[in-house]
Amino acid sequence: MRHRGHVDLAFLSGAVLGYGIAELGRPSSPPLASIGAVAVVTEATTGLSFLARVDTGADSTSIHCPPESIQIADAAEEASENVGKMARLTLTGSDGRQAEVPARIEGFIGVRNADHLEDRYLVRLRLRASGVERDAQVTLNDRSSMRYKLLIGRDFLRDAFVVNVTDDSDSP
C-alpha cells in the first residue's frame with residue numbers, strides 16, 4: 001500500500017508536467033496556434049491574402065476598406081442608421097487583387113487611435129491565419145496610409161493563438 005504523501009507527490013508531479021488533467025475531470029483544450037508579429041491572413045470568402053500586423057494592444061481587428069469601397073443597400077445618410085443592412089465591400093489584398101464580399105453591418109462604433117476618435121462600421125468576416133479559420137468582427141477603416149492593410153487585434157487572437165513576440169520580421 002502506498003503512503004498518502006507518495007500519491008499526492010505523484011499526482012502533483014503529473015499535473016505540473018501537464019498530466020493528470022483527465023483525473024481532474026476537465027476536458028483538455030486544443031493547443032493554441034502560433035502567430036508572429038506579422039502574419040499572412042486570408043479573408044476566406046474571397047481568398048484575398050493580406051500581410052497583417054498582429055497587435056495585442058488593439059481590442060479589435062481592422063481591415064482597409066475606405067468609405068468609397070462600401071456599398072450599402074438602401075443606405076441612410078446617418079451612418080448609424082445603416083446598422084443591420086447588407087453591404088458589399090471591395091477589399092484589396094496585399095498583391096493588389098480586388099474582390100467583393102457581402103457583409104451585414106453589425107455595428108457603428110467609435111475607435112480611439114493615437115490621433116483621434118474615429119467612427120467605423122463593424123462587420124463579420126471569416127479570416128484564416130496559421131491554419132486557424134474563424135469569424136471575426138472587423139472594423140472598416142481607411143488604412144491607405146498604413147503599411148499593413150489588416151491589423152489583427154485581441155478579438156481574433158483570443159483562445160486560438162499564442163503570439164510569438166520574437167518573430168517581428170516582415171516575412172512571416
Side-chain angles (χ1 to χ4, degrees), residues 30-73 75 77-80 82-172:
L32 301 178
S34 177
I35 195 168
V38 175
V40 174
V41 179
T42 302
E43 196 287 315
T45 306
T46 61
L48 291 178
S49 292
F50 299 85
L51 189 59
R53 170 59 78 186
V54 175
D55 185 354
T56 60
D59 289 330
S60 59
T61 296
S62 176
I63 195 165
H64 175 63
C65 191
E68 62 272 12
S69 297
I70 305 168
Q71 297 173 355
I72 302 170
E77 282 192 40
E78 180 64 38
S80 61
N82 291 320
V83 174
K85 294 181 179 181
M86 286 301 296
R88 290 199 78 61
L89 314 175
T90 302
L91 302 179
T92 305
S94 292
D95 62 0
R97 279 190 323 118
Q98 289 189 329
E100 288 188 351
V101 61
R104 182 172 307 284
I105 297 174
E106 294 188 351
F108 186 70
I109 61 172
V111 175
R112 180 167 300 283
N113 61 29
D115 300 327
H116 59 284
L117 181 65
E118 202 172 87
D119 292 327
R120 299 181 190 168
Y121 285 119
L122 183 67
V123 299
R124 186 167 302 277
L125 297 177
R126 188 132 186 103
L127 302 177
R128 182 174 47 248
S130 299
V132 175
E133 187 172 308
R134 63 194 314 206
D135 287 339
Q137 282 193 324
V138 178
T139 62
L140 305 179
N141 182 23
D142 185 349
R143 298 181 61 85
S144 56
S145 65
M146 298 174 200
R147 181 172 186 180
Y148 300 97
K149 303 308 179 199
L150 180 63
L151 180 125
I152 299 297
R154 291 190 307 267
D155 59 338
F156 182 72
L157 300 169
R158 188 173 289 113
D159 299 327
F161 295 93
V162 61
V163 179
N164 178 356
V165 296
T166 61
D167 182 4
D168 62 357
S169 67
D170 285 352
S171 305

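From a predicted model like this one, the values you see are computed outputs, not experimental measurements.
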Report summary line: Between V163 and L157, the two heavy atoms sitting closest are CG2-CD1, 4.1 Å

**Report entry** Non-neighbouring partners of F156 that pass ring pair (Phe, Tyr, Trp, His ring centres under 6.0 Å), sequence neighbours left out
**Finding:** F161

Query raised in the report: Do L140 and I63 have side chains that get closer than 4.5 Å, going by heavy atoms?
Result: yes

Report task. Over all heavy atoms of both residues, which pair between L89 and A103 is shortest? Give the atoms and the distance, please. Result -> CD1-CB, 4.0 Å

Query - Side chains of Y148 and V38 in contact at under 4.5 Å (non-hydrogen atoms) - result: yes

Query raised in the report: Residues two or more places apart in sequence or in another chain: which of them pass side-chain hydrogen bond (donor to acceptor under 3.5 Å, both in side chains) with D155?
Result: T61

Requested in this report: Using the test side-chain contact (heavy atoms from CB on, under 4.5 Å), find all partners of S49 that sit at least two apart in sequence or belong to another chain.
Outcome: V40, T42

Query raised in the report: What's the verdict on side-chain contact (heavy atoms from CB on, under 4.5 Å) for L122 and R120, showing C-alpha distance, side-chain angles and the deciding distance?
Result: CA-CA 6 Å; L122 183 67; R120 299 181 190 168; over 6 Å; no

Requested in this report: Please determine if R97 and D95 form a salt bridge, counting it only when a charged side-chain N lies under 4.0 Å from a carboxylate O.
Outcome: yes

**Report entry** Check: K149 side chain, R143 main-chain N or O, donor-acceptor pair, under 3.5 Å
**Finding:** yes

Requested in this report: Could you pull out all residues at least two apart from R104 that satisfy side-chain contact (heavy atoms from CB on, under 4.5 Å)?
Outcome: M86

Report task. Report the distance from atom CD1 of I152 to atom OG1 of T56, rounding to the nearest 0.5 Å. Result -> 12.5 Å

Requested in this report: Please test L150 against E43 for side-chain contact (heavy atoms from CB on, under 4.5 Å), starting from the C-alpha separation and ending with a verdict.
Outcome: CA-CA 10 Å; L150 180 63; E43 196 287 315; over 6 Å; no

Report summary line: Residues at least two apart in sequence or cross-chain that pass side-chain contact (heavy atoms from CB on, under 4.5 Å) with P66, listed by chain then number, are H64, E68, S69, D142

Query raised in the report: Shortest non-hydrogen contact from F50 to T92?
Result: CE2-O, 3.0 Å

Query raised in the report: When rounded to the nearest 0.5 angstrom, what is the spacing between OG1 in T45 and CG in L127?
Result: 9.0 Å

Query raised in the report: Can you tell me how far CG of L91 sits from CG of L48, rounded to the nearest 0.5 angstrom?
Result: 6.0 Å

Query raised in the report: Any donor and acceptor pair, going by atom type alone, linking the side chain of S94 with main-chain N or O of L51 inside 3.5 Å?
Result: yes

Query raised in the report: Can you tell me if S62 uses its side chain to pair, donor with acceptor, with the backbone of L151 under 3.5 Å?
Result: no

Report task. Output all residues satisfying salt bridge (Lys or Arg N to Asp or Glu O under 4.0 Å) with R128, sequence neighbours left out; order by chain, then residue number. Result -> E133

